[in-house]
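Here's the structure we're looking at; comments come further down.
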Amino acid sequence: MSTAVLFDLDDTLIDLQYARRHGLRAVQRILPELNKVPLDELELAHDAELTANYQRTLEGNLSDEEAHLEHMCGICRRYGLATDKAADAVEAYVHEQQFYPRLVPGVEELFDALRGRMKIGVITNGRSQNQRDKLEFFDLLPLDTVAISEEVGALKPNPEIFRYALENLDVQKATMVGDSWERDVLGAIGIGMDAIWLNRYRRPCPDRSLAVEINGFEPIRTVLRILRITS
Amino acid sequence: MTVTVNIPEPLRKLANGQVELNVEIANTTTVEKLIDDLESKYTGIKNKLFDNGEIRGYVKVFVNDEDINFIRGKATEVKRGDTVTIVAAIAGG
């Protein structure tokens, strides 16, 4: 049976959280009042701000720069701080993140094991150029299919973007792997794909009957077993 | 003396896993020539950093912590003892 595995990109293949945490440490240096906030908590606060603006950013109604500033002002307000240093904090955050690009551990090995045995693709929400730059820089190409929301005109979990990705694959079975329960797991299941939920931060699983949960890609033999490939 | 070049994690496999490279140069060179020197030893690295002869939009190069975009871009001078850091401006929100 011909099969495919499709991956989300940000925080599934590319470890953006690793860079984000370094960025947030730089923010704490600019806003020392935040030093008393544990990094995990600060990250959750940042994530909440990010989520609040996610749709507007992806739809192009908010530039990356505006979004960063809104997130930082939001964090300042959450912790009762003035926002006068928010722009400096953004600059430090963005600057620091650049020094920590990396793939999620195990991705390279997993791709090596999958290539030639299954079709591989990426389905990602984001701007075309940004996402294609990442695929190039992190050496994730070639892929059998790439669906980027800006190019497709639909954001996950909209079924349209999943259909677009599957359109030219000619496979009988496809599995989606992603870190977002709503966007990746529910989106994939909605059009009849299987799903693997990458839950690196061990959040409570909303429904174990819907998807297989993994906490990382290492050891890859576990992932290969789930995909029914023997290593 | 040499120039120290810090390599970002995704490119280290092209540099035999090295985190930093020490590159012998004459007294001075430019960022572009330095990358050409790296390419002669570590094939593929230039293609990751340049596209059509220009530094890729998401690649940033710092010479002694100064962003070369604010100096002379790829023509920025590099001297013995300098530290060149390559980063990728592609992190998320």
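Here is the naming used below: chain letters follow the sequence lines, and residue numbers restart at 1 for every chain. Every heavy atom of this structure was used, including side-chain atoms; hydrogens, water molecules and symmetry mates were not.
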For the [atom1] atom on [X], are there more than 12 heavy atoms of other groups (residues, nucleotides or ligands in this structure) within a distance under 6.0 Å?
X: B/K46; atom1: NZ; value: yes
X: B/R72; atom1: CZ; value: no
X: A/E41; atom1: CD; value: yes
X: A/D112; atom1: CG; value: yes

Show your reasoning for whether side chain to side chain contact (heavy atoms under 4.5 Å, CB included) applies to B/F62 and A/Q98.
CA-CA 11 Å; B/F62 294 85; A/Q98 309 175 115; 3.9 Å; yes
Do B/T85 and A/F99 have side chains that get closer than 4.5 Å, going by heavy atoms? yes
Looking at side-chain heavy atoms only, is the closest gap between B/Y58 and A/R132 below 4.5 Å? no
Give, as side chain, backbone, both or neither, the part of [X] having an atom under 4.5 angstrom from any heavy atom of chain B.
X: A/D139; value: both
X: A/D133; value: both
X: A/Q129; value: neither

Open item on the list: So does A/F138 get a backbone contact from the side chain of B/K48, meaning a donor-acceptor N/O pair under 3.5 Å?
Closed with: no
Ranking B/V59, B/I86, B/N47, B/V87 by heavy-atom pairs under 4.5 Å to chain A gives rank one to B/V87
Rounding to 0.5 Å, atoms CZ (B/R56) and CZ (A/F137) come to a distance of 10.0 Å
NE2 (A/H95) and NZ (B/K60) are apart, to the nearest 0.5 Å, by 7.5 Å
Bottom line for B/L11: the part with an atom under 4.5 Å from chain A's heavy atoms is side chain
Of all heavy-atom pairs linking A/P101 and B/P10, the shortest is O-CD, 3.3 Å
